[in-house]
Amino acid sequence: MSPTKSAKKKSAKKSTKKPTKKAAKKVAKKKATKKAAQKRSTGGKTGSRSKPEQADLFSQSSKGKATKASPPRSKKKIKKSRETSGEDASSANKAEQLAAKQKDISVSEFFAKNRHLLGFDSPARALLTTVREAVDNSLDACEEAEYLPTIVVEVTAASEEQHTILVRDNGPGIVPAQLPKIFGRLLYGSKFHARKQTRGQQGIGISAAGMYGNLTTGKPMVVTSRTSRRKPATQVTLAIDMAKNQPVVKKEREVDVDWAHGTEIHIELEGTYKKGKHSIDAFLEQVSLANPHVEIQYKNPVDKEPIIWERVTKKLPEAPMEILPHPHGVELGILMQMMKDTSSRTVSGFLCSEFCRMTPNVVKKVSEQSEELGKYIDTDRHPRRLSSADVKILHKSIERTKMMAPPTNCLSPIGEELMAKTLRRNFDPELVLTVSRQPAVYRGNPFQVEAGIAYGGELPGDELASIFRFANRVPLQYEQGACAITQSIISTPWKNYEVQQARGALPTGPLAILVHIASVWVPFTSESKKAVAGYDEILKEMRLAIMEAGRKLAIHLRKKRRLADAERKKDYIKKYIPQIGIALQDILELSDKQRTGAESKLADVLEKSRKM
């Protein structure tokens with residue numbers, strides 16, 4: 001049977017309804033995907049009617065769809081893209097221009113602009129700094145060659161603000177090939193890497209003095225040196241090329257001199273000469289105080305007669321020996337570099353050859369410590385095969401391992417006896433007390449502290465104590481308040497030692513306090529070497545040295561006070577002895593002769609009781 005018309009209509013309606021539902025679902029999916037894409041392209045911001053064409057401009061996958069956007073919008077985007085490309089090009093040009101300006105900075109240029117770091121911040125300090133650097137180099141040269149130093153210093157006034165300095169020593173001299181390098185280059189020398197006590201450290205001072213003279217007067221430094229009586233002296237006139245940090249020899253010749261060996265420098269510079277606490281005169285006096293074996297002949301521009309400080313002893317101080325670094329003072333980065341540069345084939349061999357106080361037994365303890373830290377370090381491995389993590393564990397293991405302190409034969413202290421002799425010579429005091437502490441260690445560097453006190457005599461009793469600070473036998477005259485030596489003196493309880501002291505101030509009385517630190521590397525607060533940095537270990541040793549000398553001073557002052565009290569009582573009794581004699585004469589009816597005898601017997605008894 002054929003279907004009726006009504007059935008055909010129903011079936012047609014059903015067929016038309018099904019495709020419309022599927023199409024609606026597809027349209028809904030498309031809209032959802034477009035909305036999600038639009039959200040992603042605009043960073044999650046949705047508008048009430050956001051067009052898909054705008055989102056397609058920012059997506060990389062739909063470049064073709066961007067053409068469907070309206071013409072005005074495409075022009076704006078093209079304009080913006082052109083602007084951004086222009087900005088990129090200009091920024092690239094600026095970066096290239098800035099890169100073209102970058103260049104190396106010479107050490108000489110740096111210190112020429114920052115001369116205050118080296119002590120050339122004023123004309124008076126510049127004059128003193130030049131003398132100090134020259135004298136320090138002369139003393140080091142003489143002691144290394146085992147000559148008793150004789151230093152000649154002359155300061156001549158070319159004008160009120162310009163002076164000429166001449167310093168000559170009787171050292172071994174310098175070979176001609178090395179003269180320009182030593183005096184014409186900054187950071188050039190033999191003392192920076194030497195782990196022993198020396199006055200100079202950085203190889204800057206005397207070269208910077210010559211550079212300062214050339215900058216302020218335009219005149220080069222003149223250096224004359226002779227190595228033997230059989231050879232003529234070599235005189236070099238030189239300056240410094242500050243852009244390259246290289247010497248410029250203007251003249252070199254052989255000259256005749258009347259001294260057998262040594263070195264003489266001649267610098268003309270802008271500087272003012274002054275007397276007082278921070279003068280060259282005071283500096284050289286303090287040099288003689290810390291260096292009893294030195295003879296100094298000094299001629300200043302004011303006095304007609306030269307000043308001479310004779311040597312107290314003809315015995316040279318013991319020459320300090322160079323030592324290897326101590327393991328407890330090495331830093332992680334330095335340890336890594338040393339392990340890269342070493343020629344040893346095992347970690348054990350590296351540690352024993354590159355550090356002091358490292359023995360096979362100590363290396364074994366280091367390995368045991370590394371195992372406790374979580375990873376055993378095999379000391380038979382090659383040093384370069386250790387990873388960075390292994391080196392860190394090794395470094396921590398070294399720090400935790402107990403070992404002997406570094407040797408102290410690298411130090412050359414003044415000594416208690418010689419310190420006492422120089423204090424007596426310079427101050428003529430009533431009492432001299434000296435103390436030398438046992439060597440100690442900071443950051444793996446050995447150091448030793450000495451202290452001396454001169455009391456009474458011609459020292460003023462109503463003023464603050466005079467302080468004399470020394471580092472490796474070199475006087476420190478500036479930045480007294482910032483120095484660890486001054487801090488340790490102020491923190492000492494002087495009232496416990498019968499000396500007056502206001503809170504936070506130096507002690508008051510007829511005192512001269514000398515403190516000296518000797519070390520393979522003195523931690524100065526700046527390159528100008530004006531003050532010692534306040535490491536806890538250094539402050540502790542300084543304070544203990546001063547307190548030990550203070551206790552000795554207190555014993556003397558208390559004894560002196562007891563004697564003064566007894567003498568005063570004796571005077572009181574002596575005053576009344578004649579009255580006692582008269583009373584005894586009246587009571588006992590004594591004659592005048594008997595009364596006089598009784599008075600003398602009473603005086604004898606008083607004297608014996610005072611002595612007891």
Side-chain angles (χ1 to χ4, degrees), residues 128-129 131-144 148-151 153 167 169 196-201 205 277-298 307-320 411-427 429 432-437 447-454 465-478 480 483-486 488-489 512-520 522 524 529-532 538 541-542 545-546 549:
L128 174 61
T129 301
V131 172
R132 185 190 68 190
E133 296 295 344
V135 169
D136 288 352
N137 288 354
S138 295
L139 290 174
D140 278 339
C142 291
E143 290 174 4
E144 284 182 14
L148 276 171
T150 301
I151 312 296
V153 181
V167 178
D169 61 63
K196 64 177 182 178
Q197 178 183 332
T198 56
R199 293 172 180 83
Q201 290 183 344
K277 185 178 179 182
H278 298 142
S279 65
I280 297 174
D281 306 52
F283 168 76
L284 293 175
E285 183 181 3
Q286 292 182 39
V287 169
S288 69
L289 191 64
N291 301 273
H293 59 289
V294 177
E295 179 184 333
I296 302 174
Q297 302 171 14
Y298 171 55
I307 303 171
I308 299 175
W309 288 276
E310 298 286 348
R311 57 174 58 94
V312 175
T313 179
K314 291 185 177 180
K315 184 181 178 182
L316 279 167
E318 290 187 13
L411 304 177
S412 178
I414 302 171
E416 293 184 8
E417 185 180 350
L418 291 176
M419 202 161 33
K421 283 184 178 180
T422 54
L423 285 170
R424 287 194 182 95
R425 181 196 64 186
N426 287 31
F427 301 107
V432 171
L433 301 164
T434 56
V435 172
S436 289
R437 293 283 301 171
F447 73 97
Q448 188 171 1
V449 175
E450 299 175 291
I453 294 177
S466 301
I467 295 178
F468 299 93
R469 301 172 293 134
F470 296 91
N472 284 354
R473 298 176 179 259
V474 179
L476 309 176
Q477 292 182 284
Y478 287 99
Q480 179 173 295
C483 186
I485 295 175
T486 308
S488 59
I489 293 173
I513 304 170
L514 181 154
V515 178
H516 172 234
I517 175 173
S519 178
V520 298
V522 178
F524 292 110
K529 298 184 286 188
K530 295 175 183 176
V532 179
I538 293 175
E541 285 297 317
M542 286 179 177
I546 296 166

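What you see below is based on every heavy atom in this structure, not just the backbone, and it leaves out hydrogens, waters and symmetry mates.
Residues passing the ring pair (Phe, Tyr, Trp, His ring centres under 6.0 Å) test with Tyr478 are His278, sequence neighbours excluded. The ring pair (Phe, Tyr, Trp, His ring centres under 6.0 Å) search around Tyr298 returns none, not counting sequence neighbours.
When all heavy atoms of Val435 and Ala549 are compared, the pair lying nearest together is CG2-N, 3.8 Å. Between Ala471 and Val532, the shortest heavy-atom distance links the atoms CB-CG2, 4.4 Å. Considering all non-hydrogen atoms of both residues, Arg473 and Pro317 come closest at NH2-CB, 3.5 Å. Of all the heavy atoms in His293 and Leu148, the pair that sits closest is O-CD2, 3.8 Å. When all heavy atoms are compared, the tightest approach of Ile513 to Ala465 is CD1-CB, 4.1 Å. Residue Asp169 comes nearest to Ser138 through the heavy atom pair OD2-OG, 2.9 Å, listed as atom of the first residue, atom of the second, then distance.
In summary, the side chains of Ser436 and Glu450 do present a donor paired with an acceptor at a separation below 3.5 Å, with no hydrogens or angles considered.
One N or O on the side chain of Thr422 and one on the backbone of Leu289 form a donor-acceptor pair closer than 3.5 Å. Side chain of Arg469 to backbone of Leu476: a donor-acceptor contact under 3.5 angstrom is found. Checked by atom type and distance alone, the side chain of Ser412 never pairs as donor or acceptor with a backbone atom of Ala319 at under 3.5 Å.
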Practice problem: Using the side chain to side chain contact (heavy atoms under 4.5 Å, CB included) rule, take Met419 and Leu514 through it: C-alpha gap first, then chi angles, then the decisive distance, then the call. | Solution: CA-CA 9 Å; Met419 202 161 33; Leu514 181 154; 3.4 Å; yes
Quiz item: Stepwise, does the side chain to side chain contact (heavy atoms under 4.5 Å, CB included) test hold for Val312 with Arg425?
Solution: CA-CA 9 Å; Val312 175; Arg425 181 196 64 186; 3.3 Å; yes
Practice problem: Kindly indicate, with the supporting measurements, whether the criterion side chain to side chain contact (heavy atoms under 4.5 Å, CB included) is fulfilled by Val135 and Leu284. | Solution: CA-CA 9 Å; Val135 169; Leu284 293 175; 4.3 Å; yes
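To the nearest 0.5 Å, atom CD1 of residue Ile489 and atom CD of residue Gln480 are 7.5 Å apart. For the atom pair CG (Asp136) and CG (Asn472), the distance works out to 9.5 Å, reported to the nearest 0.5 Å. Rounding to the nearest 0.5 Å gives a distance of 9.0 Å between CE of Met542 and OG1 of Thr486. Between the CD atom in Gln286 and the OG atom in Ser288 there is a gap of 9.0 Å [rounded to 0.5 Å]. Once rounded to the nearest 0.5 Å, the distance linking CD of Gln477 with CZ of Arg132 reads 8.5 Å. Separating the CG atom in Leu128 from the CG atom in Asp281 is a distance of 10.0 Å, to the nearest 0.5 Å.
Between Glu285 and Val287 there is no side-chain heavy-atom pair separated by less than 4.5 Å. Here the side chains of Thr198 and Pro320 are not in contact, with every heavy-atom distance at 4.5 Å or above.
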